[in-house]
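First up is the structure itself, then whatever we jot down about it.
A, B, ... follow the sequence lines: proteins, then strands. Residue 1 opens every chain.
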There are 4 protein chains.
Amino acid sequence: MDAKAPPVEKRRQILDAAIHVFARQGFHACRVSDIADEAGVAYGLVYHYFKSKDQVLNELFTERWSLLLAAIEEVDGESIGAREKLDAVARFIIDSYRYEPDLMKVIIVDVTRAANSFGRTHLPEIRRAYEMIAKIVADAQRAGTFRRDVDPEFASMWFYGAIEQLLSGWVFDLIPGGEADFDRAREMLVETICGGLEPRDGVPADG
Amino acid sequence: MDAKAPPVEKRRQILDAAIHVFARQGFHACRVSDIADEAGVAYGLVYHYFKSKDQVLNELFTERWSLLLAAIEEVDGESIGAREKLDAVARFIIDSYRYEPDLMKVIIVDVTRAANSFGRTHLPEIRRAYEMIAKIVADAQRAGTFRRDVDPEFASMWFYGAIEQLLSGWVFDLIPGGEADFDRAREMLVETICGGLEPRDGVPADG
Amino acid sequence: MDAKAPPVEKRRQILDAAIHVFARQGFHACRVSDIADEAGVAYGLVYHYFKSKDQVLNELFTERWSLLLAAIEEVDGESIGAREKLDAVARFIIDSYRYEPDLMKVIIVDVTRAANSFGRTHLPEIRRAYEMIAKIVADAQRAGTFRRDVDPEFASMWFYGAIEQLLSGWVFDLIPGGEADFDRAREMLVETICGGLEPRDGVPADG
Amino acid sequence: MDAKAPPVEKRRQILDAAIHVFARQGFHACRVSDIADEAGVAYGLVYHYFKSKDQVLNELFTERWSLLLAAIEEVDGESIGAREKLDAVARFIIDSYRYEPDLMKVIIVDVTRAANSFGRTHLPEIRRAYEMIAKIVADAQRAGTFRRDVDPEFASMWFYGAIEQLLSGWVFDLIPGGEADFDRAREMLVETICGGLEPRDGVPADG
DNA sequence: TATGAATGAGTTTTCATTCAT
DNA sequence: AATGAATGAAAACTCATTCAT
């Protein structure tokens, strides 16, 4: 009865192939046929499952980014401190890179940082992540955990900007990316950013 | 009356035109003819002065980035605290954007963040900026002004990543970019990052 | 009714069209679109089958030249005199022109005589023909049929040079190229060259 | 008074430079600026003295070819046998190559054999050489020195074709081109072609 | 579902030639 | 006579996408 595998399989094959091809050559530099070759399917089949080359990347991005958004939301729902929340968010993103570096490379390089092309398209989703992080900060400010003289929107940018720079550093081999480095980098990132956001002598929590 | 206008003039016209065309349409989306049209010169003249479309962008980037490197170096040479140094660096970059938003947009969007194409080419220069910032941090750590448990290289990434995110926010209209916002953004950025890097209760300056 | 026309067909169409376009306009003067138009196919299809415009000509040349090499080899294998062998070779080349003047025109004008471009590329194959003719001469010298005081390599050049000049004459309408002229030209060519190579009074066969 | 060298000098400089540039790169592959660079003059000066890039080559060809025509004419006027005349013509051409290989290379490769471009333009002059050689043959036939069953026009082609092939062989390094080879090649060429044209047993001088 | 042949729009780059000085 | 800046036409090649089978 199942003489034939469900068609979904090839669709997945194509997506997975695209991850590696995009990571290797970059979205613009690769041809649709490169994806098909890597997936071991015929050329035109990509167009059977996807409307265009763009759509392949879009789908890859959305698939992953929605996981991120869900993760942030879940983290935010937990009863833990703001520092712990941001630490969890950073951990999620860094782990994404740790376990699927090619996919994250594609998302960072070809979407998130490619602000003129795909970044533009996905700005709303990207922005959504900023906002959720900003919300974590704002809540902490209300709770007195974070100082109030730094706008949550800006705090979110410092935090996300630092993470993106970190991942870029790994992607482009600017900094060592061994197993041991992941945790250490995250700890220092959270320590610095949260340290800067937490109240201290001479900095009243209420701004 | 001037016997002859210096030929350099048209070369400059082309570079300036390129800034606006690149900023408006993005490097890849624009054609060489767009640049020539904007500059009001003949198509081939672009190739008289530049080897390729790429070289136009490269020159634009290098021209500006070397100013940044010089500025950081100068700032680092002054007898001021680390926080003041980083504040000056942030100010220089933000002022660059304030006075030449199109040029900075091109540099950020088409070079610095376009890590797969031009970013790759200019990685050494970009890295140089990171290193100079890291040096400021390292010196402060030795002086006891900054805590020692955050690697200077990482501190540099948090700082630069935050600035890049800020400029991206302005470039893509994610955050308001009025005159008043420039100073406030810089203050908060420096306050957060340096705040996180400075020693405080329970954080011994020596790591 | 035929389930599917073999894809090879269009490839052949393109090659045939190229023969006529090259012959009419010359390789350099014609555009790829001229070939496509003549073949009645879309522009891009030329590039589907051939890597470049050059490759089209290369293929045309190699296809035909290998027939020539095979013909010379076959002729050389027969048990006939040297004069008969050279006559057969001349006949083969002249017949090639007689039946496919456009193709031969292309080969002579755009490859064989275009020594700086394609001739350079195909020098080894062209040289091979010289060598095979030289071998016929050398064998005849050993057999005493041809005098030994003319290097076979030179004899080969006199023979091939005469043929090439003859074909050029037809191609450029320097001499009449009617049906009757083909045989007569060949006879005179062989008579002159072989006559000059054969021993006679006062010219000892052993040089 | 002669503070300034006559302008003709630079014109000659350009022509001489063109010889070497054409020989090195080929007419089509070189740019006008290459000629100017080699001549050590400015770009536009080439257009002051010559109407176009083509005209430079045309002039080079005509200048030399007219010497050849004159030489053949002179040779033909002497009271010597046909074999001696043809030997003198061959010697003239081979010596031209011997003493000015670059110029002859240009003439052979870019004009004489480039039948589609410049060859076409200079066909009348080239043809003139054939005709003069044919006349030498025809006269010899009338005098009984050469057999009459080979058309003078064809005999001329065999002779000229052999020479052209010989020069091509040197130009493209197909055959050794040392000092000693020049005389030997000429002797064999004349021996073969004239040998084939001279009457012998069984070949009545009157065809 | 699967294949890959067929389509054709789009852009960079080259370089001969002109022209102002 | 001399310079070299300025012009702009021309064409190869790529590759996303469509479509017949």
Side-chain angles (χ1 to χ4, degrees), chain A residues 4-11 28-36 41-56, chain B residues 2-11 14 28-36 39-55, chain C residues 2-11 14 28-36 39-55, chain D residues 4-11 28-36 41-56:
Chain A
K4 217 200 291 185
V8 160
E9 196 182 299
K10 293 232 167 157
R11 192 187 149 84
H28 280 109
C30 88
R31 289 165 299 178
V32 173
S33 67
D34 293 330
I35 302 174
V41 302
Y43 200 156
L45 198 61
V46 175
Y47 284 90
H48 183 76
Y49 288 114
F50 304 92
K51 201 174 174 177
S52 68
K53 185 184 166 189
D54 284 25
Q55 213 216 70
V56 176
Chain B
D2 352 53
K4 196 203 284 193
V8 162
E9 197 182 299
K10 293 235 168 162
R11 191 189 151 86
I14 292 170
H28 280 109
C30 87
R31 289 165 299 168
V32 174
S33 68
D34 294 330
I35 301 174
V41 302
Y43 195 111
L45 199 60
V46 176
Y47 286 92
H48 183 76
Y49 286 115
F50 303 93
K51 205 173 176 176
S52 66
K53 185 182 162 190
D54 284 27
Q55 213 217 69
Chain C
D2 353 49
K4 196 204 282 194
V8 163
E9 197 181 298
K10 294 235 167 160
R11 190 188 151 84
I14 292 170
H28 281 109
C30 88
R31 290 165 299 169
V32 173
S33 68
D34 294 329
I35 301 174
V41 301
Y43 193 104
L45 199 62
V46 176
Y47 285 91
H48 183 76
Y49 286 115
F50 304 93
K51 206 173 175 176
S52 66
K53 186 183 162 190
D54 283 25
Q55 213 216 69
Chain D
K4 217 199 289 184
V8 160
E9 196 182 299
K10 293 231 168 162
R11 191 187 150 85
H28 280 109
C30 86
R31 290 166 297 177
V32 173
S33 68
D34 293 329
I35 302 173
V41 302
Y43 201 155
L45 197 60
V46 175
Y47 284 90
H48 183 74
Y49 287 114
F50 303 92
K51 200 175 176 179
S52 67
K53 184 183 166 191
D54 285 25
Q55 213 215 70
V56 176

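- Comparing B/Ala42 and C/Ser52 against DNA chain F, the residue whose closest nucleotide sits nearer the 5' end is B/Ala42.
- Of all heavy-atom pairs spanning B/Ile35 and B/Ile14, the tightest one is CG2-O, 3.9 Å.
- Checked by atom type and distance alone, the side chain of B/Lys53 pairs as donor or acceptor with a backbone atom of B/Cys30 at under 3.5 Å.
- D/Leu45 has its CG atom 6 Å from the P atom of F/dT3, to the nearest Å.
- To the nearest 0.5 Å, atoms NZ (C/Lys51) and CG (C/Asp54) are separated by 11.0 Å.
- Between the P atom of E/dT12 and the CD atom of B/Gln55 lies a distance of 15 Å, rounded to the nearest Å.
- Rounding to whole angstrom units, OH of residue D/Tyr49 and P of E/dT17 are separated by 19 Å.
- Of the residues in residues 29-36 of chain C, C/Cys30, C/Arg31, C/Val32 come within less than 4.0 Å of DNA chain F through at least one heavy atom, sorted by number.
- Not one side-chain nitrogen or oxygen of C/Tyr47 sits closer than 4.0 Å to the OP1 or OP2 atom of F/dT14.
- One atom, NE2 of D/His28, and another, P of F/dA11, lie 13 Å apart when rounded to the nearest Å.
- An OP1 or OP2 oxygen of F/dG8 is reached within less than 4.0 angstrom by no side-chain nitrogen or oxygen of B/Tyr43.
- Protein atom NZ of C/Lys10 is 10 Å distant from nucleotide atom C1' of E/dT7, rounded to whole Å.
- Across all their heavy atoms, C/Ser52 and C/Tyr47 have their closest contact at CA-CE2, 4.0 Å.
- In this model, the phosphate group of F/dA5 is approached by a side-chain N or O of B/His48 to a distance below 4.0 Å at OP1 or OP2.
- One atom, NZ of B/Lys51, and another, P of E/dT14, lie 9 Å apart when rounded to the nearest Å.
- An angle of 10°, rounded to 10°, separates the two end axes of the helix from E/dA2-F/dT21 to E/dT21-F/dA2, each defined over five pairs.
- As rounded to whole Å, 15 Å separates atom P of E/dC15 from atom CG of D/Asp54.
- Checking the phosphate oxygens (OP1, OP2) of F/dC13, no side-chain nitrogen or oxygen of C/Lys53 falls inside 4.0 Å.
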